[in-house]
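Reading through the structure tokens given below for one structure.
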Amino acid sequence: QVQLVESGGGLVQPGGSLRLSCAVSGFTFSGYTMHWFRQVQGKEREFVARITSDDSTAYADSVKGRFTISKDNFNEIVYLQMNNLRPEDTAVYYCSRSQIDWGKGTLVTVSS
């Protein structure tokens with residue numbers, strides 16, 4: 001059974017940092033592209049970052065230079081390091097396996 005469990009969300013002040021984690025199980029982690037998406041209530045889910053099986057990365061323009069996606073193949077965890085956070089980064093963040101399977105999300109709130 002495929003499972004993706006996000007953690008690491010919380011409340012942070014503007015300019016602060018958070019690191020999100022996504023622990024996965026039920027599939028061969030290293031063979032898939034992993035994504036982070038985010039969603040604000042009432043809006044569509046939007047792409048944040050992705051990392052391929054050969055560690056190629058891509059980012060939304062809105063987070064480029066501030067967020068970094070990485071993964072630990074041995075422990076089967078995907079990370080999203082978020083620096084210089086802005087209020088507009090406030091959202092529920094979701095981890096996904098190739099946009100097929102999804103976690104339940106973790107809430108990030110950026111506010112003073």
Side-chain angles (χ1 to χ4, degrees):
Q1 181 180 358
V2 173
Q3 285 192 314
L4 300 92
V5 180
E6 302 94 337
S7 62
L11 173 64
V12 63
Q13 292 187 342
S17 297
L18 282 176
R19 188 176 78 160
L20 305 184
S21 300
C22 174
V24 309
S25 61
F27 62 95
T28 306
F29 174 77
S30 61
Y32 287 89
T33 295
M34 300 298 297
H35 296 79
W36 284 98
F37 278 71
R38 67 187 181 187
Q39 188 170 24
V40 176
Q41 193 170 6
K43 295 188 177 180
E44 289 191 1
R45 194 169 293 188
E46 66 172 0
F47 168 77
V48 175
R50 65 104 168 113
I51 185 166
T52 66
S53 57
D54 61 355
D55 293 340
S56 174
T57 59
Y59 299 90
D61 287 343
S62 58
V63 308
K64 204 172 290 183
R66 300 187 297 121
F67 290 12
T68 303
I69 188 171
S70 61
K71 59 179 179 167
D72 178 343
N73 285 328
F74 182 78
N75 292 302
E76 299 189 320
I77 301 174
V78 183
Y79 298 102
L80 186 69
Q81 177 66 45
M82 305 186 296
N83 298 328
N84 192 21
L85 282 159
R86 304 167 180 169
E88 55 264 38
D89 295 318
T90 296
V92 177
Y93 284 72
Y94 296 91
C95 173
S96 171
R97 177 184 73 140
S98 298
Q99 301 182 62
I100 299 171
D101 299 289
W102 297 84
K104 294 184 178 181
T106 185
L107 176 63
V108 172
T109 303
V110 184
S111 175
S112 54

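Here, residue 1 is the first one in the sequence, and each next residue gets the next number.
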Side-chain touch Arg97/Val2, heavy atoms, less than 4.5 angstrom = yes
- Item | Short side-chain to backbone donor-acceptor contact, Tyr79 and Thr68, under 3.5 Å | no
Taken to the nearest 0.5 Å, the spacing of Gln39 CD from Gln41 CD works out to 9.0 Å
For Ser21 and Trp36, the nearest pair of non-hydrogen atoms, with its separation, is O-CH2, 3.7 Å
| said: Tell me whether Glu44 at atom CD has more than 12 heavy atoms from other residues, nucleotides or ligands lying less than 6.0 Å away. | reply: no
What one should report as the nearest heavy-atom pair of Ser17 and Asn83 is OG-OD1, 2.9 Å
For Tyr59 and Phe67, the nearest pair of non-hydrogen atoms, with its separation, is CE2-O, 3.2 Å
* If only atom types and distance count, is the side chain of Lys71 paired as donor or acceptor with the main-chain N or O of Thr52 below 3.5 Å? -> yes
Val40 and Ala91 have their tightest heavy-atom pair at CG2-CB, 4.0 Å
Walk me through whether Arg86 and Asp89 qualify under salt bridge (charged side-chain N to carboxylate O under 4.0 Å, His left out). CA-CA 5 Å; Arg86 304 167 180 169; Asp89 295 318; 5.3 Å; no
Exercise. Honestly curious: do Val78 and Leu107 fall in one hydrophobic cluster under the side-chain, below-4.5 Å linking rule?
Worked result: no
| query | Does the side chain of Arg38 reach to within under 4.5 Å of the side chain of Ser62, using non-hydrogen atoms? | reply | yes
- Would you say Met34 and Tyr94 are hydrophobically clustered, going by side-chain heavy atoms of ILVMFWY under 4.5 Å? no
Do any N or O atoms from the side chain of Thr109 and from the backbone of Thr90 form a donor-acceptor pair under 3.5 angstrom?
no
- ILVMFWY network linking Val48 to Tyr32, side-chain heavy atoms under 4.5 angstrom: yes
Do Ser56 and Asp54 have a side chain donor and acceptor closer than 3.5 Å?
-> no
Please answer whether the main-chain N or O of Thr33 pairs with a side-chain N or O of Ser98 as donor and acceptor at a distance below 3.5 Å.
yes
Closest non-hydrogen atoms of Met82 and Leu20, given as atom of the first, atom of the second and distance, are CE-CG, 3.7 Å
Less than 6.0 angstrom separating the ring centers of Trp102 and Phe37, yes or no? yes
*asked:* Taking Ile69 as the starting point, is it possible to reach Val92 by hopping between hydrophobic residues whose side chains are less than 4.5 Å apart?
replied: no
Nearest heavy-atom approach of Ser111 to Pro14 is C-CD, 3.6 Å
Self-check item: Same apolar cluster: Ile77 and Phe27, side chain cutoff 4.5 Å
Solution: no
Next item on the list: Examine distances only and state if a side-chain atom of Glu6 and a backbone atom of Thr106 form a donor-acceptor pair shorter than 3.5 Å.
Entry: no
Rounding to 0.5 Å, atoms CG (Leu4) and NZ (Lys104) come to a distance of 11.5 Å
